[in-house]
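Structure first, commentary second.
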Amino acid sequence: MEEIDHKFVEVNGLKLHIAEIGSGFSPVVVFLHGFPEIWYSWRYQMIAVGKAGYRAIAPDFRGYGLSDQPTQPEKTTLLDLVSDLLALLDALSISKVFLVGKDFGSAILSRFVLLHGERVSGIITMGVPFVPPQPANYSEKLPEGFYISRWRACFRFLIYILHDINEPGRAEADFGRLDAKTVVRNVYILFSRSEIPIANEDQEIMDIVQPSTPLPPWFSEEDLAAYGALYEKSGFRTALQVTYRRSMHEQANIKDPRIHVPALFITGEKDYFLKFPGVQDYISGGLKSLVPNLQMVNLPEGTHFVQEQLPDEVNRLVLDFLTKNSQS
């Protein structure tokens with residue numbers, strides 16, 4: 001990854017780490033990572049986009065990877081991360097961008113394009129589609145063992161039981177008893193499967209994976225070591241707090257939830273996320289009404305980490321979208 005440059009940019013009183021490749025005068029593509037991912041999850045797309053003549057930027061969100069920790073992570077919301085993104089573009093003198101979001105990054109993307117649509121040329125989401133922020137309603141429950149269901153609590157169509165409301169710190173304790181490399185290993189194994197991972201009553205999510213379970217074939221030991229090293233500085237406590245607990249109570253002053261920029265949604269047919277209640281109905285029904293200029297592509301062998309699993313296919317789709325929608 002020697003062709004990718006790294007630097008820190010001060011925004012909102014914090015130094016955010018960004019990875020970057022490509023000319024400063026080229027159309028800009030900003031990649032927004034998921035959890036527990038960081039800029040590194042976009043390595044294949046960044047190189048492909050940079051070689052195609054674009055400027056690719058991938059920040060680590062506050063509290064993630066090499067970026068600074070917020071002073072009060074428990075009070076940080078998704079709108080703070082949206083503000084960070086806006087401040088980052090201003091600091092780099094970037095007036096308009098294509099946004100690419102995966103998983104949790106799609107939530108930041110969704111809010112940003114609704115609040116700052118004039119700064120967005122087009123959007124690409126993976127794993128999790130565009131969804132406007134809406135009040136949470138937790139009237140239904142999934143199995144007891146899936147406490148990490150709170151990861152998607154910002155989407156109304158995902159009615160999960162949020163154990164951390166009743167058991168504060170449970171996820172942090174689960175992650176905190178393991179080193180960063182082991183946490184990332186377990187997450188990639190669990191969530192690259194096609195079924196929702198459910199722990200038994202006497203287990204936590206991290207207990208499901210056995211030490212002998214191999215990594216997915218597309219995720220190498222070198223990749224795992226890179227993630228582990230990049231998370232040594234931050235750990236997962238702040239990322240968990242910032243990403244999930246506060247965000248579920250957030251309200252955004254958005255009057256019209258529809259967006260009209262060009263959009264692409266890439267999903268894998270074997271993505272466990274599709275098994276959550278209401279997701280398929282939303283994707284096949286309500287999504288198109290909110291994003292009329294939407295193209296959807298389903299990759300039959302794709303999992304939740306589709307951009308790392310099938311980089312050639314995803315790169316082709318991303319570049320085709322950028323070429324079609326870039327101003328001449």
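Numbers here simply count residues along the sequence, with the first being 1. When reading the values below, keep in mind they use all heavy atoms of this one structure, side chains included, and skip hydrogens, waters and symmetry mates. Treat the numbers as computed from the prediction; the structure is a model and nothing was measured.
Counting heavy atoms of neighbouring residues, nucleotides and ligands inside a 6.0 Å radius, atom NZ of K51 does not exceed 12 of them. A 6.0 Å sphere centred on NZ of K288 holds more than 12 heavy atoms belonging to other residues, nucleotides or ligands.
Under the 6.0 Å cut-off for aromatic ring centres, F98 and Y54 do not qualify, their centroids lying 6.0 Å or more apart. In this structure, F8 has its ring center under 6.0 Å from that of H17.
Not a single salt bridge (Lys or Arg N to Asp or Glu O under 4.0 Å) links E313 to another residue, sequence neighbours left out. The salt bridge (Lys or Arg N to Asp or Glu O under 4.0 Å) search around D223 returns R43, not counting sequence neighbours. Partners of D90 by salt bridge (Lys or Arg N to Asp or Glu O under 4.0 Å), not counting sequence neighbours, listed by chain and number: R119. Among residues two or more places apart in sequence or in another chain, the side chain to side chain donor-acceptor pair (under 3.5 Å) test is passed with E118 by none. Here R193 pairs with nothing under the salt bridge (Lys or Arg N to Asp or Glu O under 4.0 Å) rule; sequence neighbours left out.
Within the 3.5 Å criterion, the main-chain N or O of K181 finds a donor-acceptor partner in the side chain of D179. Listed for the N298 side chain is a donor-acceptor partner under 3.5 Å among the backbone atoms of E269. Side-chain atoms of T323 come within 3.5 Å of backbone atoms of L319 as a donor-acceptor pair (strictly under, hydrogens ignored).
Side chains of D60 and H33: no donor on one and acceptor on the other come within 3.5 Å.
The two residues G268 and L274 have their closest heavy-atom pair at O-CD1, 3.4 Å.
Counting only heavy atoms from C-beta outward, the side chains of V314 and Q45 approach each other to under 4.5 Å.
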Apply ring pair (Phe, Tyr, Trp, His ring centres under 6.0 Å) to F219 and Y188, showing your working.
CA-CA 8 Å; F219 193 73; Y188 267 80; 4.0 Å; yes

Give the table of side-chain donor-acceptor pairs shorter than 3.5 Å for residues 81-88, with sequence neighbours excluded, one pair per line with atom names and distance.
| residue | atom | partner | partner atom | Å |
| --- | --- | --- | --- | --- |
| S83 | OG | N12 | ND2 | 3.2 |
| D84 | OD1 | N12 | ND2 | 2.8 |
| D84 | OD1 | R62 | NH2 | 2.9 |
| D84 | OD2 | R62 | NE | 2.6 |
| D84 | OD2 | R62 | NH2 | 3.3 |

